[in-house]
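Here's the structure, in structure tokens; my notes come after.
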Amino acid sequence: MKNFLINLWIFFFIFLKVSFSSDLAFITNQLSNSVSVIDLETYKVIKEISVGSRPAGVAVTKHGKRIFVSNPESKEISVIDGYKLENIKNISLGKGPLGIALTKDDKFLLVADWYDHKVRVIDSCTLKLIKEISVGKSPAGIDTDLKNSKFYVANRDDHTVSVVNIKNFQVEKVLKAGKRPFAVALSPDNNFLYVANVKSNDVSVFDTKNYKKITTIKVGKSPYAITFLQDGSKAFVTNQHENTISIIDTLNKKNIKTLEIGEYPEGINFYIKTKEVLIVNWFDSEVVVLNSMNLNIKKRITVGEGPRGFGNFIGPNLTKNWNIVYKNNCG
Amino acid sequence: MKYLPGIIFLIVSFFNLTITDVFSHGPTRQKLKESITINAKPEDVWNLIKDFGKIDIWHPSISKVESDGKTRTIYYSPRNNTAIKQKLENYSAEKMMYKTSITEVDIKFFPVNTYTANISVKGNEDGTSTVLWKAAFYRAYVNNDPPPELNEAAAIKAVKEFIQSGLNNLKKKLEN
């Protein structure tokens, strides 16, 4: 009987955790200087948070306590508190912070600066500047690996990708991409690096073991960002100037489908819980929810003006009281 | 001679301003969505605008246009008759729409960068038509802290004038 009760308790807690844990999407609205917060249970915008000027990049810590937003025009990083969903601080940084990402241990926020060609490393807890790393011209998209050992940044106006060691923040290697690479994305197993080249309308694929370029995959016009399914079998790429997304079969490294999605699709994230792909349409000011299996569009959610959602914009919802127990650290 | 460094600085800045990497741009894209309702059938509206190479027959501010069907150079009279080179990106007679981009422009007169636009005609229930002209573009200044003549407001003003004068004249032509 005692065992049964304990089991019941455990079961109850698991049930609580599963049924009450929900997630949010944080969409940067570049032309309305705000972030729209979407509840991914109801697909409703629950809040619009004012940030700096012309927000573009976004990164959310694993536990959702902090959300970082880059504002290239006001040269600031906005820090949003995940419990209150309020902008708690704007940090002045560099000349044009754009692409941002967190290391997988959430210790460091990496900020690519479009104008002074550097990546800055910020302590995500103390918000202090730790290091400045010179990379190529107009660095944009960043991705970090699972082992906290390397990060990759696309240098748009140099046609390269810098590979940076996270242990010592040294540039280890510079890879030659296609024309005007903007976004980078590691496959879920981290074996491959995909790079979207805006001007050559293709995706370069590198082997991360030896940094050799394996192939180049043609996609639509002006590819902007990339996301993978959880199992890595497919990659989804937004094509800004074609109003479509390209779906890549990652095993054969082929573009297998092009799908009309809306005007100027930009930021794109895979949402593990529902196996949906969230796509940010800049011109239409909406987020499209796409079923990744049958490719049906489930919903179109109106957000603020000119959304870009450049980065990983999904994180846990902490606005419910019972989560307050975690409140002490900043990760 | 004491002005020499200043003169060199001016020359260098001038070159930096005009000979920029044409594919670079700032971090913020602008958008404009302008529309007009015209008391005419959509087919008639489309008939007037459908020829990419003959924009001068309905846009009042284009003094001359040279076109090979896929690209066109328009001479835009309100801004010093400046030449703007455009490309036809997409065309659908069925949907009555086409998409253009600017491939070459003198930012001194028309301060925009990486411009694309979409013009389309739709019929309304009451027999009128709506022409929708959507544009996406960056300001001309590719670096941070732009001077006023090359900032966001200057880019929006230039594009707005271009689109609105075109739409207004289109209405006038079709309704008279």
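Hydrogens, waters and symmetry mates play no part in the numbers below; they use all other heavy atoms, side chains included. These numbers come from a predicted model, not from an experiment.
- In this structure, A/L98 CG and B/T28 OG1 are separated by 8.5 Å, a value rounded to the nearest 0.5 Å.
- Minimum heavy-atom separation, B/S24 to A/R180: OG-NH1, 3.9 Å.
- In this structure, A/E73 CD and B/E152 CD are separated by 5.0 Å, a value rounded to the nearest 0.5 Å.
- Looking at A/K95, the atoms closer than 4.5 Å to chain B (heavy atoms on both sides) sit in the backbone and in the side chain alike.
- Taking CG from A/N243 and CG from B/N90, the interatomic distance works out to 8.5 Å, rounded to the nearest 0.5 Å.
- Heavy atoms only, all atoms of each residue included: A/Y264 and B/A136 are closest at OH-CB, 3.3 Å.
- Residue A/S285 touches chain B through both its backbone and its side chain, counting heavy-atom pairs closer than 4.5 Å.
- Here the closest heavy-atom approach between residue B/G26 and residue A/Y115 is recorded as CA-OH, 3.6 Å.
- Both the backbone and the side chain of B/Q30 come within less than 4.5 Å of a heavy atom in chain A.
- Annotation: A/K213, atom NZ; neighbour count of heavy atoms from other residues, nucleotides and ligands within 6.0 Å is above 12.
- In the displayed structure, A/K218 atom NZ is contacted under 6.0 Å by more than 12 heavy atoms of other residues, nucleotides or ligands.
- Heavy-atom distances place both the backbone and the side chain of B/K134 under 4.5 Å from chain A.
- To the nearest 0.5 Å, atom CZ of residue A/F283 and atom CZ of residue B/R29 are 9.5 Å apart.
- Taking a cutoff of 4.0 Å between a charged side-chain nitrogen and a carboxylate oxygen, B/K31 and A/E263 do not qualify as a salt bridge.
- The 12-atom threshold is exceeded at NZ of A/K221, counting heavy atoms of other residues, nucleotides or ligands nearer than 6.0 Å.
- Ranked by heavy-atom pairs under 4.5 Å with chain B, the list A/E305, A/K75, A/H241, A/R308 is led by A/R308.
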